[in-house]
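Below is one structure, written out as structure tokens; the observations come after it.
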Amino acid sequence: MPSAQELADRVESGDLRLYELQDHADPKTAAEARRLLLKEETDADLDTVADFSFPAERADPNIENMIGAAQIPMGVAGPVPVDGSAADDDFYVPLATTEGALVASVNRGMAAIRDAGGANAEVLKYGITRAPVFSVADVKEAADVVEWVEDNEDQIEEVANATDPHIEYQEVTPYVVGDNVYLRLHYDTGDAMGMNMVTIASRSVAELIEDETPASLVAVSGNLCNDKKPAAINAVEGRGYTVAADVFLPSDVVEDRFGTTAEAIAEVNTRKNLVGSAKAGALGFNAHVANILGAAFLALGQDEAHVVDGSNAITSVEARDDGLYASVTFSSLPVGTVGGGTGLPTQSEALDVLGLAGGGDPVGTNGDALAEVIASAGLAGELSLLGALAGRHLASAHEEHGR
Ligand SMILES: CC(C)(COP(=O)([O-])OP(=O)([O-])OC[C@H]1O[C@@H](n2cnc3c(N)ncnc32)[C@H](O)[C@@H]1OP(=O)([O-])[O-])[C@@H](O)C(=O)NCCC(=O)NCCSC(=O)C[C@@](C)(O)CC(=O)[O-]
Ligand SMILES: NC(=O)C1=CN([C@@H]2O[C@H](COP(=O)(O)OP(=O)(O)OC[C@H]3O[C@@H](n4cnc5c(N)ncnc54)[C@H](OP(=O)(O)O)[C@@H]3O)[C@@H](O)[C@H]2O)C=CC1
């Protein structure tokens, strides 16, 4: 097997492309060759990037042109008691972030939730979507295609379900815009987040539509899915998990934990998360659920780009006679405990902290539980940040922890 330097020289000479090195050496040597080349081209010293602790081949399904690994600090918040439809335990939640004060904040929110006896969580709806776009001659033809789809859903179901033992077709929602037909296909993908599965299944469905109708596939993703873009359809119709968490904090817990009152927190939520978000034209009516999703996704092997889908959540808060009611409802949270990055070593270990690594029994229950735990962590983060804003200690928190 050629040495890393010999491989780097062959790339330098134009004999090989960076992504062809794996055809000539094992993944670790290929990664070393790419680092040598970068050192020669950029003078960058990549010794820490090179110092990863897992077998390079473990990352084969997840990365191309590998040079090493990014290392992000990982903390833990909790425990947070969660009484969910699938999650029913006290959970320590791993969070990977570079934002000082974030883990402390989530931890404080979880302490308040613990003081109140725990959070409720419920998966309200589940179905991951892919929406291929087709071109047709005109609206008449579009109507004919939609009619065929509605009359032949059994064929669509059969074709989709044949692509994977763990996929289950749910339904199709057709949309027509002039000479464009979009089929928003909904699937249950068990414990997997499902985007590879549903894209493969939707490719087969699209081939059926082309065989049986005059429609011509333009793209297997027509953006009515809508994957990884801020989109109202996800906020209204849901995508992945639609999941909510809530808690009632007695007044003394609010005061002890956040140094403010239920009324003050409720006012901040109304004027910031509701009125401020409305005026901003925001799709998310919350304070910073993206912070918790980002940190949880990086720690737990989720697709970090799906923070976009997840961040359209709505935080609702009410000051009641004897305390504070708070909820966070996520319309579109694409998460899973198998597939994607969940099998990578540190990500799998972090899922083990939750007791949710791998497939659930029955299938799908680990994915459901992960959604409920993440929703509860989001609730904790909302409570703590709203408490800091109401109690006027956000800036000081980041002076102390974030610098
Ligand atoms: C920083 C705190 C928690 C201090 O909060 P505190 O009440 O001053 O600290 P404390 O020493 O009294 O501790 C209270 C609890 O905080 C936790 N805690 C306290 N210290 C630690 C620590 N070192 N490590 C882990 N946990 C910690 C811990 O749970 C502790 O309870 P205990 O265990 O002692 O019973 C608080 O001031 C806070 O949460 N502030 C809010 C910070 C925050 O949420 N930042 C969010 C990111 S800002 C952003 O990115 C989004 C934004 C703001 O731009 C979005 C928007 O526009 O709104
Ligand atoms: N393709 C695309 O357009 C997009 C892809 N992605 C990426 O997709 C990846 C996630 O795709 P996803 O489909 O979730 O996962 P993977 O394709 O990584 O793996 C899913 C596979 O896991 C197997 N499996 C084993 N046990 C279970 C179980 N209990 N429930 C479900 N599946 C199980 C299934 O294979 P089997 O049934 O054969 O055992 C299934 O096909 C991420 O890397 C993400 O970044 C993200 C956005 C778009």
Side-chain angles (χ1 to χ4, degrees), residues 61-63 75-80 95 97 99-115 128 130 161 163-168 187-203 219-221 225 227-228 240 256-260 268-269 272-273 276-277 280 282 284 286-292 294-295 297 301-306 308-309 311 315 334-344 347 358-367 380-402:
N62 306 97
I63 194 75
V76 67
V80 58
L95 298 167
T97 184
E99 179 166 21
L102 179 56
V103 173
S105 182
V106 177
N107 203 35
R108 181 173 74 159
M110 288 183 176
I113 292 171
R114 230 178 14 254
D115 292 349
I128 190 72
R130 185 51 101 193
N161 288 352
T163 61
D164 191 307
H166 284 91
I167 200 165
E168 188 178 334
Y187 304 90
D188 180 332
T189 53
D191 295 293
M193 177 271 283
M195 279 313 298
N196 279 338
M197 295 164 74
V198 302
T199 302
I200 293 163
S202 300
R203 176 186 60 189
V220 73
S221 169
C225 317
D227 194 45
K228 303 181 178 179
D256 291 347
R257 287 296 176 183
F258 306 122
T260 186
V268 168
N269 191 68
K272 168 190 171 65
N273 283 349
S277 299
N286 63 79
H288 71 140
V289 299
N291 267 334
I292 287 81
F297 282 20
Q302 309 303 304
D303 184 330
E304 67 279 359
H306 282 140
V308 174
D309 308 51
S311 63
T315 298
V335 294
T337 58
V338 296
T342 63
L344 288 165
Q347 291 80 349
D361 182 15
V363 169
T365 51
N366 274 6
E382 289 294 280
L383 284 168
S384 186
L385 176 53
L386 290 173
L389 291 167
R392 300 193 178 185
H393 54 261
L394 173 64
S396 59
H398 286 261
E399 284 172 330
E400 179 187 348
H401 293 274

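Each ligand, and each atom within it, is numbered from 1 in the order the structure gives.
Every atom of ligand 1 is numbered from 1 in the order shown, and the set under 4.0 Å from a heavy atom of S384 is 38 (C), 39 (O). Annotation for ligand 2: atoms under 4.0 Å from non-hydrogen atoms of M193 are 10 (C), 14 (O), 44 (C). Here is the list of ligand 2 atoms found below 4.0 Å of a heavy atom in T189: 30 (N), 31 (C). Close contacts of ligand 1 with A388, meaning ligand atoms under 4.0 Å from a residue heavy atom, involve 40 (N), 41 (C). Against a heavy-atom cut-off of under 4.0 Å, G194 is close to the following atoms of ligand 2: 12 (P), 13 (O), 14 (O). The distance from ligand 2 to the heavy atoms of G359 drops below 4.0 Å at these ligand atoms: 29 (N). Taking every non-hydrogen atom of N107 and a distance limit under 4.0 Å, the qualifying atoms of ligand 1 come out as 25 (C), 26 (N), 28 (C), 29 (O). Ligand 1 places these atoms under 4.0 Å from at least one heavy atom of A287: 55 (C), 56 (C), 58 (O). Counting the atoms of ligand 1 from 1 in the order shown, those under 4.0 Å from a heavy atom of L385 are 44 (O), 53 (C), 58 (O). Applying the 4.0 Å criterion to heavy atoms of K272 picks out, from ligand 1, the atoms 56 (C), 57 (O), 58 (O). Residue-ligand proximity, V338 to ligand 2, at heavy-atom distances under 4.0 Å covers atoms 27 (C), 28 (C), 30 (N), 31 (C), 32 (N), 33 (C). Atoms of ligand 1 found under 4.0 Å from any heavy atom of R257 (numbered from 1 in listed order, with element): 31 (O), 32 (P), 35 (O).
The protein atom (non-hydrogen) at minimum distance from atom 29 (N) of ligand 2 is D191 OD2, 3.0 Å. M195 CB, 3.7 Å is the protein heavy atom nearest to atom 4 (C) of ligand 2. Scanning the protein heavy atoms around atom 2 (C) of ligand 2, the nearest turns out to be T199 OG1, 3.5 Å. Nearest protein heavy-atom contact of atom 43 (O) of ligand 2 is G340 CA, 3.3 Å. Nearest non-hydrogen protein atom to atom 13 (O) of ligand 2 is M197 N, 3.0 Å.
Within the 4.5 Å cutoff, no side-chain heavy atoms of P334 are placed close to those of D303. Residues T315 and L386 form a side-chain contact, since some pair of their non-hydrogen atoms from C-beta on lies under 4.5 Å apart. Put simply, the side chain of V268 does not reach to within 4.5 Å of the side chain of T260, judged on heavy atoms.
Side-chain atoms of T337 come within 3.5 Å of backbone N or O of G358 as a donor-acceptor pair. N286 places no side-chain N or O within donor-acceptor distance of the main-chain N or O of N273, the cut-off being under 3.5 Å.
The closest approach between a heavy atom of G336 and any atom of ligand 2 is not below 4.0 Å. Every heavy atom of M110 sits 4.0 Å or more from the atoms of ligand 1. By the 4.0 Å heavy-atom criterion, V103 is excluded from the residues contacting ligand 1.
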- Yes or no on side chain to side chain contact (heavy atoms under 4.5 Å, CB included) for L95 and V106, after CA distance, side-chain angles and deciding distance? CA-CA 9 Å; L95 298 167; V106 177; 4.1 Å; yes
- Begin with the C-alpha distance, continue with both residues' side-chain angles, and end with the deciding distance and a verdict on side chain to side chain contact (heavy atoms under 4.5 Å, CB included) for H288 and I292. CA-CA 7 Å; H288 71 140; I292 287 81; 3.7 Å; yes
- Message: Determine whether T163 and M197 satisfy the following criterion, side chain to side chain contact (heavy atoms under 4.5 Å, CB included), listing intermediate values before the conclusion.
- Response: CA-CA 8 Å; T163 61; M197 295 164 74; over 6 Å; no
- Query: Does the pair H306 and D227 meet the rule for a side chain to side chain contact (heavy atoms under 4.5 Å, CB included), with working shown?
  - Reply: CA-CA 8 Å; H306 282 140; D227 194 45; 2.7 Å; yes
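Heavy-atom minimum distance, L344 versus Q347: CB-OE1, 3.1 Å. Between G190 and V363, the closest heavy-atom pair is CA-CG1, 3.8 Å. Across all their heavy atoms, S384 and F258 have their closest contact at CA-CE2, 3.8 Å. Closest of all the heavy-atom pairs between S202 and R130 is OG-CB, 3.4 Å.
Distance check: D188 CG to H166 NE2 gives 10.5 Å after rounding to the nearest 0.5 Å. Taking OG from S105 and CD from E99, the interatomic distance works out to 9.0 Å, rounded to the nearest 0.5 Å. In this structure, OG1 on T97 lies 5.0 Å from CG on L102, to the nearest 0.5 angstrom.
Of the options V338, D191, D361, a side chain to side chain contact (heavy atoms under 4.5 Å, CB included) to N366 is made by D191 and by none of the others.
Only side-chain heavy atoms of D227 come within less than 4.0 Å of ligand 2; its backbone N, CA, C and O stay farther off. Contact annotation for D164 and ligand 2: only side-chain heavy atoms (C-beta onward) come within less than 4.0 Å of the ligand. Within the 4.0 Å heavy-atom criterion, both parts of N196, backbone and side chain, lie near ligand 2.
Distances from atom 45 (O) of ligand 2 to the heavy atoms of D303, N62, I128 put D303 nearest. Summarising the contacts of atom 43 (C) of ligand 1 with G75, S105, A104, the nearest heavy atom is found in S105. Proximity annotation for atom 36 (C) of ligand 1: of E382, R114, R108, R108 comes nearest, heavy atoms only. Among H166, R130, Q302, the residue whose heavy atom lies closest to atom 39 (O) of ligand 2 is H166. For atom 15 (O) of ligand 2, the candidate residues are P334, G339, G190, A201; the nearest heavy-atom contact is made by G339.
At a 3.5 angstrom cut-off on N or O pairs, H288 does not count as close to ligand 1.
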